[in-house]
Structures are given as structure tokens and as C-alpha cells.
Amino acid sequence: MAIRQAIWKVGGTPSPLAASSLPSEKALEEMIVAAPAILDDQWMLVGRQIATRFGGIIDLLALAPDGSLVLIELKRNRTPREVVAQALDYASYVASLKSEDLATIYSAFAPEKDLATEFRSRFGTVLDEDTLNGSHQIVVVAAELDDSTERIVAYLGDRGIPINVLFFQVFADGDTSLLSRAWLRDTAETQANAVSAASGTSEPWNGEYYVNFGQSKTRAWSEAVEYGFVSAGGGSWYSGALKRLDPGDRIWVKAPSYGFVGVGRVVAKAARANDFLLPTATGDRPALEVLKAGTYHREYADDPEKSEYFVPVKWLGTVPLEKAVNEVGLFGNQNTVAQPASPKWRHTIERLKQIFTHWDASTS
């Protein structure tokens with residue numbers, strides 16, 4: 001059934017706020033441009049009202065932290081079949097964009113700024129032209145959502161098409177208007193579909209998970225090895241993918257800028273920092289009390305979106321950062337968790353199994 005939301009004012013006798021609306025969906029677009037975090041605080045807007053070569057107009061275009069593109073299409077008053085078909089049509093155009101095309105799009109959107117400079121300022125990493133637009137996803141922004149749109153998007157998403165709907169609803173509280181939002185599908189799933197659908201030769205996934213461990217002042221690989229975990233945080237784009245790991249899954253861990261540093265088996269589902277315990281000589285203690293070599297986003301510990309999340313791991317083999325495996329031809333990706341379906345990933349696993357010789361050891 002179609003998504004509906006309600007907001008209640010807290011009090012002795014809770015009262016519902018009346019549903020309202022924006023003057024137009026153009027007003028919603030203006031709000032998004034003024035405050036992109038309304039969409040997702042891990043996306044960087046790079047274009048608006050972009051003309052395609054076959055006459056269409058893309059409402060908004062954004063970059064994710066891994067350099068993948070997010071096509072954002074406002075539903076306006078079109079029928080579900082029209083808006084989804086048009087978004088898919090636009091996606092075929094977005095898939096063809098090269099680095100110079102994106103630079104031109106961004107210069108029209110922000111004339112006084114440089115795309116590479118702003119990307120590094122926004123995400124703290126260099127924009128790699130070789131991986132830029134390596135994948136993309138489609139987001140339909142809807143002021144209201146009907147059953148037909150929900151069925152169409154669910155059908156496509158279940159078959160690996162990286163498409164999602166962000167549903168907005170407005171409520172009135174006296175003279176104040178409040179905006180709420182809800183995703184139709186898990187954003188981590190859409191993100192994973194985007195990676196799996198990336199251009200290039202593919203093959204069936206081999207069941208081996210790729211995991212990024214962001215060694216930095218935020219988290220320390222030495223502590224991950226000592227206490228048995230991988231972690232990510234700072235936003236749902238980073239931590240959400242961890243929640244896809246299940247007990248028993250085998251993960252191959254890479255530390256960006258270093259190389260592959262370990263292989264292990266997942267012990268339990270991801271847990272938020274405030275709920276994650278580590279074994280110590282004096283018994284289990286909260287992770288944020290034990291870990292000292294990184295900040296682990298302590299400043300966001302009470303924020304379920306930005307908090308660090310931890311996945312406990314039984315290590316089968318690890319190496320220190322200075323001995324990380326970083327050979328030409330090995331797979332790399334900036335997503336926290338990925339299920340690569342490519343010959344390059346198969347080659348990477350075959351090579352890593354020669355180095356981490358206890359990769360299939362018992363974890364009991």
C-alpha cells in the first residue's frame with residue numbers, strides 16, 4: 001500500500017498535526033538545493049536542470065563519497081509509469097557521462113568552484129577520474145506516493161536495479177510547516193545494487209565480501225585486530241552497508257591507501273557504538289570506553305544515523321598495515337561493504353588465498 005506518515009505533538013493528550021503541502025514541487029527542489037542534507041547528508045549536489053542529448057531534463061544530480069552518481073528526479077504530477085520510465089531513460093544518459101562532462105555540469109551549477117577541489121573538501125578524499133561515475137543510482141523524489149509507483153520500484157529493486165523513492169510529506173503546526181521524509185527501500189540495499197550493476201564484465205558473485213576499514217584518526221586497525229571487529233560511521237552511507245553482513249559471512253578487509261590486511265568470519269550482526277561490548281580482563285566493557293587509538297565518532301554516539309557501528313569478527317588471518325597486500329590488479333572500491341561480481345574480484349580472492357593461507361580455518 002502507498003506510504004503515509006503521521007506526526008503527533010507530544011503532550012498530556014497527544015494530538016496529530018494536520019497534513020499540509022508545499023506550494024509546488026518546484027518549492028521542494030529549491031529547498032533541496034538550499035539544504036542538500038534534506039535528501040542525504042552524504043551526497044554532494046553537482047548539477048541542476050541538466051539537459052540530456054535527447055531532449056530531457058534531469059532535475060538534480062549528486063555525487064556520493066565513492067564518486068558514484070545519484071540521479072534525482074522529482075515526480076511532479078506525472079503518472080508512476082511516466083516518472084519511472086523517464087528516470088530509467090535519464091539513467092542511460094548519466095551512465096555515459098565522463099569526467100569532463102561532469103566538470104562542465106558542475107561549472108554551470110557552481111561557476112566559481114572546482115569539482116575536484118570541492119569533492120576533496122566535502123569528503124576528505126581525492127576524486128579519482130578512473131572511478132568517477134563507476135556506478136550510479138536513481139532516486140525518485142515524491143511529494144506523495146501511490147501503490148503503482150511502489151510496486152514498480154519494488155519490482156526493479158528486487159531485481160538489482162539501483163532505484164529508490166524518497167517520499168516527503170508536509171505537516172502544519174500553527175503557522176509553521178514541518179517536512180518529514182521516508183525512504184521506500186533500505187538505502188544500503190540500493191547502494192549495493194549500484195555497485196553490483198556497475199559497468200564492466202560481470203559474473204556470478206562468489207560469496208566473498210569485500211570490506212573497507214577506514215584506518216585514520218577515527219579508527220585503528222591495530223585495535224580491530226586486537227579486539228576482533230570492523231567498523232564504520234559518520235553517516236548511513238558508510239555504516240548502513242555493515243548491517244548487510246550476517247554471522248558466518250567471510251570478509252576480506254582492505255585499508256584504503258594501504259592494501260588488504262585481513263580475512264575473517266562475521267560473528268554477529270552490526271551494533272551501534274553505545275551497544276557494542278568488548279571482552280577485557282575485567283569482563284565485557286563498552287567499546288567506547290575500551291578503544292583509545294581512534295575517536296570512533298564518539299561525538300555522534302547518541303545519533304543513530306552518524307554513530308559508529310561495529311561488526312564482531314573472528315580473524316582467520318591479519319597483517320599489520322606496513323605489510324598490507326597492495327598489488328597491481330587487485331580489486332578496490334570505496335564502499336564499506338561490497339559483493340563484487342567481476343573477474344577482477346575472483347582474481348583478487350584467488351591471490352589473497354595464497355597469502356592468507358588460513359582463510360578457511362575453523363572459527364570454533
Side-chain angles (χ1 to χ4, degrees), residues 1-45 48 59-60 62 70 72-80 83 137 139-154 157 163-191 233-240 242-243 269-276 286 288 297-309:
M1 60 185 296
I3 289 178
R4 291 290 182 269
Q5 295 184 76
I7 295 179
W8 294 70
K9 182 179 287 188
V10 176
T13 303
S15 58
L17 299 183
S20 182
S21 62
L22 292 170
S24 67
E25 292 199 12
K26 181 69 172 177
L28 177 57
E29 180 179 327
E30 296 288 351
M31 290 175 60
I32 291 170
V33 172
I38 292 174
L39 281 180
D40 190 304
D41 63 3
Q42 281 105 57
W43 293 346
M44 172 184 165
L45 283 183
R48 179 184 188 186
D59 290 323
L60 296 167
V70 184
I72 302 155
E73 189 64 14
L74 300 183
K75 183 178 176 183
R76 305 190 189 281
N77 295 315
R78 289 164 291 170
T79 66
V83 70
Q137 58 180 286
V139 174
V140 176
V141 176
E144 58 183 44
L145 188 64
D146 52 83
D147 293 336
S148 181
T149 303
E150 183 174 347
R151 289 195 303 271
I152 293 169
V153 172
I163 185 170
N164 209 338
V165 174
L166 185 56
F167 168 67
F168 285 100
Q169 192 161 347
V170 179
F171 296 88
D173 183 13
D175 294 332
T176 302
S177 293
L178 305 176
L179 186 70
S180 70
R181 70 175 193 180
W183 286 99
L184 178 61
R185 300 175 64 86
D186 184 351
T187 55
E189 179 184 336
T190 308
Q191 183 180 330
S236 58
W237 192 91
Y238 301 100
S239 61
L242 287 177
K243 301 172 187 177
K269 294 288 287 183
R272 191 170 147 192
N274 282 346
D275 303 320
F276 190 63
L288 295 183
H297 290 298
R298 284 173 171 81
E299 69 275 25
Y300 300 135
D302 296 324
D303 184 336
E305 283 286 316
K306 295 186 177 182
S307 170
E308 189 85 357
Y309 281 79

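Because only heavy atoms are used, hydrogens play no part in the values below, and waters and symmetry mates are left out as well, while side chains stay in.
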Of the non-hydrogen atoms in Glu29 and Arg48, which two are nearest, and what is the gap between them?
OE2-NE, 2.8 Å

Can you confirm whether Asp59 sits close enough to Ile72 that some side-chain heavy atom of one is under 4.5 Å from a side-chain heavy atom of the other?
no

Working to the nearest 0.5 angstrom, can you tell me the gap between Trp43 CH2 and Gln137 CD?
5.0 Å

With a 4.5 Å limit on heavy-atom distance, are the side chains of Glu150 and Val165 in contact?
no

Under 3.5 Å: donor-acceptor pair, side chain of Glu308, backbone of Gly233
yes

In terms of heavy-atom contacts, Trp8 and Ala6 come closest through NE1-CB, 3.9 Å

Give the C-alpha distance, both sets of side-chain angles, the deciding distance and a yes or no for side chain to side chain contact (heavy atoms under 4.5 Å, CB included) between Phe167 and Thr149.
CA-CA 11 Å; Phe167 168 67; Thr149 303; over 6 Å; no

Whether the side chain of Arg272 engages the backbone of Glu305 through a donor-acceptor N/O pair (distance < 3.5 Å, no angle test) should be reported.
no

Any donor-acceptor pair under 3.5 Å from Asn164 side chain to Thr190 backbone
no

Gln42 side chain near Ser236 side chain, heavy-atom distance below 4.5 Å
yes

Charged N to carboxylate O under 4.0 angstrom, Asp186 versus Lys243?
no

Check whether any side-chain N or O of Arg298 sits under 3.5 Å from a backbone N or O of Leu288 as a donor-acceptor pair, and report yes or no.
yes

Donor-acceptor under 3.5 Å (Tyr309 side chain, Pro304 main chain):
yes

Working to the nearest 0.5 angstrom, can you tell me the gap between Asp40 CG and Arg181 CZ?
6.5 Å

What heavy-atom pair brings Ile163 and Arg185 nearest, and what distance separates the two atoms?
O-CD, 3.9 Å

Can you confirm whether Ser20 sits close enough to Phe171 that some side-chain heavy atom of one is under 4.5 Å from a side-chain heavy atom of the other?
no

Minimal heavy-atom distance between Met31 and Ile38, with the atoms involved, is O-CD1, 3.6 Å

Non-hydrogen atoms of Leu45 and Val33 that approach each other most closely
CD1-CA, 3.9 Å

Indicate the atoms forming the closest heavy-atom contact of Trp183 with Leu39, along with that distance.
CZ2-O, 3.8 Å

